[in-house]
Each structure stands twice: as structure tokens, then as C-alpha cells.
Protein chains: 2
Amino acid sequence: MSLEHAILVSLAEQPASGYDLTRRFDKSIGFFWSATHQQIYRVLARMDADGLVTIRRQSGGGVRPDRKVYRLTTAGRGRLVEWTREPTPGETHRSEFAVKVRAMPFGDRAAIVADIVRQRAVHAEQLDYYVADERRHFPDPARLSDDELPAWLVLRGGIRQERGYVEWCDEMLAALGADATTTPDTLVRSTSS
Amino acid sequence: MSLEHAILVSLAEQPASGYDLTRRFDKSIGFFWSATHQQIYRVLARMDADGLVTIRRQSGGGVRPDRKVYRLTTAGRGRLVEWTREPTPGETHRSEFAVKVRAMPFGDRAAIVADIVRQRAVHAEQLDYYVADERRHFPDPARLSDDELPAWLVLRGGIRQERGYVEWCDEMLAALGADATTTPDTLVRSTSS
DNA sequence: TTTGTCATGTAAGTTGTTACATGATTGG
DNA sequence: CCAATCATGTAACAACTTACATGACAAA
């Protein structure tokens, strides 16, 4: 049911088509709740049936495909407020990567070390993205309005999380006697290509 | 498919019954990959059909219920090694809590602040649990064997994550002009009961 | 006598993933 | 001419959740 809540939030911020929402779930809100376009269209259809949204058809002017713009009804906004009043249930965290690290005594150690290096790079890149985003959208965090503050706080959480992930990878590589210089393979390949 | 991998790791560490695995997924490995007993029994049945495990029936000696002890076959161990050779795909993170914080401009601000306080408490408790676990099982991390090291590294990741979560909650509460003293409700209730 | 632990499952429903499908326009 | 972008969906399958079901023993 929770994709519905994420869509409620996104539509409250700004009415959108299914396609628009798909792009939003590829970034911003999607960093905290991922979803594919198939899921989004299915849930939007249900939300329409439940009277949480209205649809306005917009013709593409013969040039672009027609689009359906969804916006929240009063019932939709009500549902959103209700949800914010419920305490968030315990989240079920799942990290395939953590399980794989723990599999090291029974698997291919070198491959897992290489995977740690890879994960470090992925999360370092995500961290850079977030930091750039903060600089762009929130240059003066001390003077944010009540409406802008929450999005900044969520971004701060993302920054903390990614930074923590990168530091964890570094700690693992140090403990395993491997650091970034252990993987000249990747470097050689990327420079020679 | 990934619950299968988590079960492969857990059975590689120690053969177990479905019931044993359920308890393990309530702690230790379960902190990084959650699963209920229904999921576990279903996947075990499939793994048996696929020849990844063997079952040894153990009678409860008339006292306890009979149990089926699962252990990995050579094929099961092979499957595990193969999996460690595959790079971990991008993980889809989902945080209902982060989405809810972002819903603040459209919802009940006081309720969300109370939820942040609650989340802080939950994660502070988890952090304490991890730290105690580290002290108990890994009193001298500098001298861990290759087989013990991975489990410690994963625990370190958990500690980092929970610590980061608590700090994030504190940052949010400070930015929202609320701190722990804002919730005398909970304190009053817990002391008066 | 009721609650908790041990131990296994079935059934139904909701989500999430992967693959398939269409069709026009724009840019290289 | 080929790939990418815009825009919407269907279908099939896999995974996950919630509820229901059984039955014995031990302890409070």
C-alpha cells in the first residue's frame, strides 16, 4: 500500500502524469521509494477508482502523445493527512550486499572484495549527487521556510546514509588488507578503452 | 530469489530446521535480510526440489515435535559460490519514514515530529543491541580469523547505519525546534505505568 | 487454565519484477 | 536509418504479507 502514499506526496507537491511520476521516481523521491512505471500506472488506476485523484486528459497537440494529468481530490488530501498521523511501522531492511559480505568464508573472497570496491564507487557517486543537489537547491539551509525544510531534511538523511556507506566500505577494505589500489584491473580497462 | 541466497549463507554457517532459520531471521542475519516463517518454509521446499539441500528428519523423542534438519548439498555450496561471484545489483532502498518526513507540508506536523522521536528511540535501541553484540562476540576485533572477520564487518555496518539514523533524527528535531523534552507524553506514560 | 515455546504448514491477497506491445517525433 | 524521448498500457510470474490451522508440552 505504501507506493500509494509516495504517490500521494508527489502529487501533493505537484500534479503529474504517470510518465512524470515515473521520472520523479527515477530521482528525488525515488531515492527513498523506488518504483517502476508498471507499478505506478497500476496504482494510479486504483487511486482513480478509489476517488483519490481526478484525471484531466491533455492532448499532445498532434505532436506529442496525449497525457493524463492526475491531481489529488479532497479525499486524496485527506488520505494523505491520515497517513501522516499513523506511526511508521518497523521497516524491513534488506541488504543483499551485507548478506554477501557475510558469505565470504563460503564463497569467492576476491570477487567479494571487488564487489566492495564497486559498491563504494556507486555510493560515492550517489553522495556526490546529493551534495551537489544540496548546494543547488538549498544554498542557505538556515533560512528555509516550513514548506522547504522537510525536503532538505530528507536530503540530509540521504547524504548521511551514503557517507556512512562509503566509510563502511573503506573500513572493510582496510580490514581485508585491500584498498582502492588493489583493483588496477578496472583502472587499466577504463583507461585503455 | 534473494531469500534463497540468505538461506544458503545461513545453512552454510550451520545446518538448521525451518524453525531454527526463522529464529535466525528474527535476529543476526535477519537484521540484514528479513523474512517470515511462511517464506522460509516455501523457499526450503523449492531448494529441496532443486537439490540444493538434503533433509534429515529428527524425531522429537516423543517430547518435542519432529523436525526436519536441512543441510547444504554440494550443489547448494556451488550455488553459493556462484552467487558470490556475481556483482551485487543496485539495491532499491525504500524508506516509508523518509517519504513521511517529506509529507510534512501536507500532513500533521506534530504527529510527524512525534514519529521522528519514536524512530530515534527504535534505532537507538537497535544501536545498543549491536554494540552489546560486538562486545560479546568480538571483544578483540584486531585478532579475528578470516572466517570470523566478515560477520564482524557486517555488524560494523549495522552499527554505523543505526548511529547515522539516530544522528539524522537529532538533526531533524533540532531543525524543527523540537527535542526529546518535547515528548513528555511518552515519558509520563512509561513512568506512571 | 491460559500463555508461551516448539514445529510445521496452507490459502488468499497484495506488491513487485520482467517481458511484451504500440506509435509518433526528434536528433545524430 | 537508428536510437532516444514521449506516453501509455497488458500479461505473466515471482516475492512478500496476513490470516488461518494443528497439536503437544511446560510453566505460571
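As the structure is a computational prediction, the values presented were derived from the model and not from experiment. Proteins come first, then strands; the chains are lettered A, B, ... in the order of their sequence lines, and each starts at number 1.
For B:Thr74, there are no side-chain contact (heavy atoms from CB on, under 4.5 Å) partners two or more places apart in sequence or in a different chain. Checked against side-chain contact (heavy atoms from CB on, under 4.5 Å), A:Glu167 has the following partners two or more places apart in sequence or in another chain: A:Arg163, B:Arg160. Considering only residues two or more places apart in sequence or on other chains, B:His37 meets the side-chain contact (heavy atoms from CB on, under 4.5 Å) condition with B:Thr22, B:Tyr41. Residues passing the side-chain contact (heavy atoms from CB on, under 4.5 Å) test with B:Arg56 are B:Arg71, sequence neighbours excluded.
With the end axes of the helix from C:dT1-D:dA28 to C:dG28-D:dC1 each set by five pairs, the angle from one to the other reads 30° at 10° resolution.
Side-chain atoms of A:Trp33 lie closest to C:dG16 of the nucleotides D:dT17, D:dC6, C:dG16.
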For residues 86-93 of chain A, run the donor-acceptor check on the side chains, cut-off 3.5 Å, and write out each pair with its distance to 0.1 Å, sequence neighbours left out.
| from | atom 1 | to | atom 2 | distance (Å) |
| --- | --- | --- | --- | --- |
| A:Thr88 | OG1 | B:Lys100 | NZ | 3.2 |
| A:Thr88 | OG1 | B:Asp115 | OD2 | 2.5 |
| A:Glu91 | OE2 | B:Glu96 | N | 3.4 |
| A:Glu91 | OE2 | B:Phe97 | N | 2.9 |
| A:His93 | ND1 | B:Phe31 | O | 3.1 |

Please set out all donor-acceptor pairs under 3.5 angstrom arising from side-chain atoms of residues 5-13 of chain A, sequence neighbours excluded.
| from | atom 1 | to | atom 2 | distance (Å) |
| --- | --- | --- | --- | --- |
| A:Ser10 | OG | A:Arg24 | NH1 | 3.0 |
| A:Glu13 | OE1 | B:Arg102 | NH2 | 3.1 |
| A:Glu13 | OE2 | B:Arg102 | NE | 2.9 |

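Identified under the side chain to side chain donor-acceptor pair (under 3.5 Å) test for residues 42-53 of chain A, with sequence neighbours left out: A:Glu4-A:Arg46.
Taking Ile, Leu, Val, Met, Phe, Trp and Tyr as hydrophobic and joining them when side-chain heavy atoms fall under 4.5 Å apart, one finds B:Val69 isolated, its cluster having no other members. Other members of a hydrophobic cluster containing B:Val81 are absent, since no ILVMFWY side chain comes under 4.5 Å of it, directly or through relayed contacts.
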Study note, to complete from the structure: Going 5' to 3' through nucleotides 8-14 of chain C and flagging B where a protein heavy-atom sits under 4.0 Å of the base, S where only the sugar-phosphate is that close, and - otherwise, we get BBB----
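Within residues 87-103 of chain B, the residues that have a heavy atom under 4.0 Å from DNA chain C are, in order of number, B:Arg94.
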